[in-house]
Amino acid sequence: MSDLKQLEADILTAIETAADEAALETVRIESLGKKGSISLQMKTLGKMTPEERQVMGPALNSLKNSVGDAIASRKEVLKRAAIEERLKTEKVDITLPVRQSPSEAGRIHPISQVIDEITAIFSDMGFAIAEGPDVETDYYNFTALNFPEGHPAREMHDTFFFNEKEADENGVKVRNLLRTHTSPVQIRTMENQEPPIRIAIPGKTYRCDSDPTHTPMFHQLEGLVIDKAANIGNLKWVLEEFCKAFFEVDNINMRFRPSFFPFTEPSMEVDIQCDRSGNEVKFGEGDDWMEILGCGMLHPNVLRSGGLDPDVYQGFAWGIGIDRIAMLKYGMPDLRAFFDADARWLSHYGFRPLDVPTLFGGLSR
């Protein structure tokens, strides 16, 4: 019995001094394993007399249970200690990251950005920004702008027409349509405002066309100046200053080629010098030329339609595709992506909401 008490004391000491679960497992095997010290003592019961067995049997079972309980208790302590040690070195952040505010995550569409840039440029030149309805009449969209009857632009393949309305008291049938250009705003402005007139007209326009560089709905900028002394020299200066400011270059070369538009006379197409040798178009340098806009002096019939005397007033106008100049400036290859509502595309090409374009701070920087 004294040997069992000494064995128990030695095993319990080994259990208490076990530094980790691996050392504790070694103690368990050495005491309770098949060849452990307690197991070897249990095997001796068969060689004892019944009287000895009655004494040693309960003693050995008590020793076995005591050691087992001590091992289980020490194992739980060591397990908690191991977890605490791991937590000190292996920290896991289970909190969510801070969400971006709308001003940080949101993006301004390139078309909205370019319209803001155009507004900043022409406002600095003393122009007012004018708007008009998207649904126009045949008169404002064509007739008042000197489009003769039978002109191809009036046909269904170019224009989205609505059904004809009933004839009015004069027997004239009014036909509405989606405007094909922003030029009707010129007539509406002349009807409601006395010269001098200086307006820029950005807005949506509609034509029956769809391919990588054309869409059924697109954006156009129109400009109009009317005064008693407005001339082609003024027109060239305005367009040159606009292109330099918009493309953010110090110098730009332009050439004016004769053309034809029903509402201007003379009419001109404008090309600007550029370099297209790389991945991006660079303006103000290179040996290439790119057509960028159409312009001209207002036709006398357009002035008359607006209620002005062409012998007293003269003016000039120009038109440019906002979507196209956005593609040229910011390197966008396909116009159709403007209208796909792809959040990834907008995140790449979009602009931060608080980066308001200004001439003194930079339009796109």
Side-chain angles (χ1 to χ4, degrees), residues 1-110 113 279-280 330-334 337 340-356 361-362 364-365:
M1 294 294 293
S2 61
D3 292 341
L4 290 182
K5 290 184 181 296
Q6 183 61 44
L7 179 62
E8 181 180 10
D10 293 342
I11 294 174
L12 292 178
T13 301
I15 291 172
E16 290 297 324
T17 57
D20 51 37
E21 292 187 73
L24 183 64
E25 179 65 13
T26 300
V27 175
R28 186 193 69 79
I29 293 172
E30 290 177 350
S31 58
L32 300 177
K34 289 184 178 181
K35 297 182 180 180
S37 56
I38 296 177
S39 299
L40 293 176
Q41 291 291 334
M42 296 289 287
K43 291 178 181 180
T44 63
L45 291 174
K47 299 178 181 181
M48 296 180 182
T49 63
E51 292 77 11
E52 292 175 332
R53 195 179 302 119
Q54 288 180 354
V55 176
M56 294 299 295
L60 288 173
N61 284 327
S62 177
L63 174 60
K64 183 178 179 180
N65 292 336
S66 176
V67 170
D69 292 342
I71 290 174
S73 178
R74 182 61 178 170
K75 185 175 183 180
E76 188 65 26
V77 172
L78 292 175
K79 183 181 292 186
R80 287 198 301 267
I83 292 174
E84 291 177 359
E85 187 64 27
R86 287 185 63 187
L87 288 176
K88 293 179 181 179
T89 57
E90 301 178 12
K91 294 183 179 180
V92 178
D93 186 3
I94 61 173
T95 61
L96 288 173
V98 178
R99 293 182 179 179
Q100 288 183 309
S101 65
S103 61
E104 289 290 331
R107 289 294 180 268
I108 298 295
H109 195 281
Q113 171 75 13
N279 295 328
E280 297 181 0
Y330 295 113
M332 302 166 191
D334 195 327
D340 286 343
D342 189 331
R344 296 167 302 175
W345 182 90
L346 184 58
S347 176
H348 179 74
Y349 286 110
F351 293 82
R352 296 168 65 90
L354 299 181
D355 293 342
V356 180
S364 58
R365 294 186 287 272

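Model, not experiment: these values are computed from the prediction.
With values rounded to the nearest 0.5 angstrom, Gln113 atom CD is found 12.5 Å from Arg352 atom CZ. For the atom pair His348 NE2 and Met332 CE, the distance stands at 8.5 Å (nearest 0.5 Å). Remark: Ser73 OG to Ile15 CD1 distance equals 9.5 Å, nearest 0.5 Å. Atom NZ of Lys64 sits about 12.0 Å away from atom CG of Asp69, to the nearest 0.5 Å. For the atom pair CD of Glu21 and CG of Leu78, the computed distance is 6.0 Å after rounding to the nearest 0.5 Å.
In terms of heavy-atom proximity, Ile108 sits nearest to Pro353 at CG1-CA, 3.7 Å. The minimum heavy-atom distance between Pro110 and Tyr349, with the atom names listed, is CG-O, 3.7 Å. Ala23 and Ala19 make their closest contact through CB-N, 4.0 Å (heavy atoms, listed as atom of the first residue, atom of the second, distance).
For the pair Asp342 and Ser347, the minimum side-chain heavy-atom distance is 4.5 Å or more. Proximity of Thr26 to Ile29: side-chain heavy atoms (C-beta onward) are nowhere separated by under 4.5 Å.
A donor-acceptor contact shorter than 3.5 Å links the side chain of Thr13 to the backbone of Ala9. Not one N or O on the side chain of Arg74 forms a donor-acceptor pair closer than 3.5 Å with the backbone of Leu24. Remark: side-chain polar atoms of Ser31 are paired, donor with acceptor, to backbone N or O of Val27 under 3.5 angstrom.
Qualifying side chain to side chain donor-acceptor pair (under 3.5 Å) partners for Glu84, counting only residues two or more places apart in sequence or in other chains: none. Remark: Asn61 engages no residue in a side chain to side chain donor-acceptor pair (under 3.5 Å) (not counting sequence neighbours).
Relative orientation of the His109 and Trp345 rings is tilted, given thresholds of 30° and 60° on the angle between their planes.
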